[in-house]
Chemist: 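Structure below; questions to follow.
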Amino acid sequence: MDAQTGRLLTGWDHCVQSIAIILTTRIGTRLMRRAFGSAALDLQDRNATPQRIMQIYVAIAAALKRWEPGFRLQSIKLTQAGGDGIFAFEIAGVFFPAGHLGDYSVSEQRSAVLAANDNGYGLKVVA
């Protein structure tokens, strides 16, 4: 279900929402599923050194590998970084529409951008 509207989500839209939830949930904050989430948020508000950016890449990759069976990450690209502290990361990879069922026979190339929005963080689909 769409977290904003309550409508049924399927396919890529559902995967994008799932990725957003994974990457914007701090590890240890979900009851009954303490390991769920990403360590990427623990790295925010620190100096944006090349090493720190690489740690964010690793945190994103590890979280997606563990928690999103319908998406295989192929690349992460820093698309925005500024003195205002707002960063955006484009994630690209292979989407498997039935990956959550263990069926990897059908695949599509897809990408989305993780960036700050009015509510904190969100993902938007890249054409």
Side-chain angles (χ1 to χ4, degrees):
M1 304 234 2
D2 187 301
Q4 305 300 317
T5 66
R7 73 177 172 86
L8 180 64
L9 281 181
T10 59
W12 178 239
D13 291 336
H14 178 268
C15 188
V16 167
Q17 177 175 282
S18 179
I19 290 169
I21 291 168
I22 292 165
L23 297 180
T24 60
T25 300
R26 289 184 194 279
I27 294 173
T29 59
R30 285 249 168 139
L31 294 177
M32 305 297 290
R33 194 165 241 184
R34 295 287 185 191
F36 180 83
S38 168
L41 290 179
D42 294 332
L43 299 168
Q44 75 181 31
D45 296 330
R46 297 186 184 181
N47 291 335
T49 64
Q51 179 181 0
R52 186 79 62 224
I53 299 300
M54 184 57 67
Q55 289 172 331
I56 294 170
Y57 284 12
V58 170
I60 290 171
L64 292 180
K65 181 177 173 92
R66 181 165 186 190
W67 297 111
E68 185 45 66
F71 186 75
R72 291 292 177 263
L73 183 67
Q74 291 180 318
S75 67
I76 303 172
K77 180 179 169 185
L78 182 62
T79 59
Q80 179 183 346
D84 58 2
I86 297 176
F87 289 75
F89 297 91
E90 180 180 355
I91 57 172
V94 180
F95 167 60
F96 299 95
H100 62 289
L101 301 173
D103 178 1
Y104 298 98
S105 61
V106 177
S107 64
E108 307 167 5
Q109 290 292 127
R110 295 293 181 124
S111 63
V113 174
L114 175 67
N117 62 27
D118 293 340
N119 298 323
Y121 294 96
L123 274 180
K124 64 180 180 180
V125 176
V126 176

Chemist: Identify whether V58 and F36 are in the same connected component of the hydrophobic contact network (ILVMFWY, side-chain heavy atoms under 4.5 Å).
Modeler: no
Chemist: Mind checking whether L73 and I91 have side chains closer than 4.5 Å, heavy atoms only?
Modeler: yes
Chemist: I need the single residue from V16, I21, I22 that forms a side-chain contact (heavy atoms from CB on, under 4.5 Å) with S18. Which is it?
Modeler: I22
Chemist: Contact between F96 and D103 at the side-chain level, heavy atoms closer than 4.5 Å - yes or no?
Modeler: no
Chemist: Taking all heavy atoms of A40 and all of S38, pick out the closest pair and write down the distance.
Modeler: N-OG, 3.0 Å
Chemist: Roughly how far, to the nearest 0.5 Å, is the NE2 atom of H100 from the CD atom of E68?
Modeler: 9.5 Å
Chemist: Supply the atom-to-atom distance R34 CZ to T29 OG1, rounded to the nearest 0.5 angstrom.
Modeler: 7.5 Å
Chemist: How many angstroms lie between atom CG of L114 and atom CD of Q80, to the nearest 0.5 angstrom?
Modeler: 11.0 Å
Chemist: Give the cluster check for I19 versus Y57: same hydrophobic cluster or not, with ILVMFWY residues linked at side-chain heavy-atom distances below 4.5 Å.
Modeler: yes
Chemist: Contact between E90 and I76 at the side-chain level, heavy atoms closer than 4.5 Å - yes or no?
Modeler: no
Chemist: Are L23 and F87 connected in the hydrophobic side-chain network, where two residues link if heavy atoms are under 4.5 Å apart?
Modeler: yes
Chemist: Could you report the tightest heavy-atom contact between C15 and G70, atom names first, then the distance?
Modeler: SG-O, 4.3 Å
Chemist: Hydrophobic clusters here meaning ILVMFWY residues chained together by side-chain heavy-atom distances under 4.5 Å, can you tell me if I60 and I53 are in one?
Modeler: yes
Chemist: With respect to F95, which candidate in Y104, W12, F71 satisfies the ring pair (Phe, Tyr, Trp, His ring centres under 6.0 Å) definition?
Modeler: W12
Chemist: Answer yes or no: are there more than 12 heavy-atom neighbours, outside Q109 itself, under 6.0 Å from its atom CD?
Modeler: yes
Chemist: Give the minimum heavy-atom separation between I27 and G37, together with the two atoms involved.
Modeler: CG1-C, 3.8 Å
Chemist: Working to the nearest 0.5 angstrom, can you tell me the gap between D2 CG and D13 CG?
Modeler: 8.0 Å
Chemist: Using 0.5 Å steps for rounding, measure from the CE atom of M1 to the CG atom of L9.
Modeler: 8.5 Å
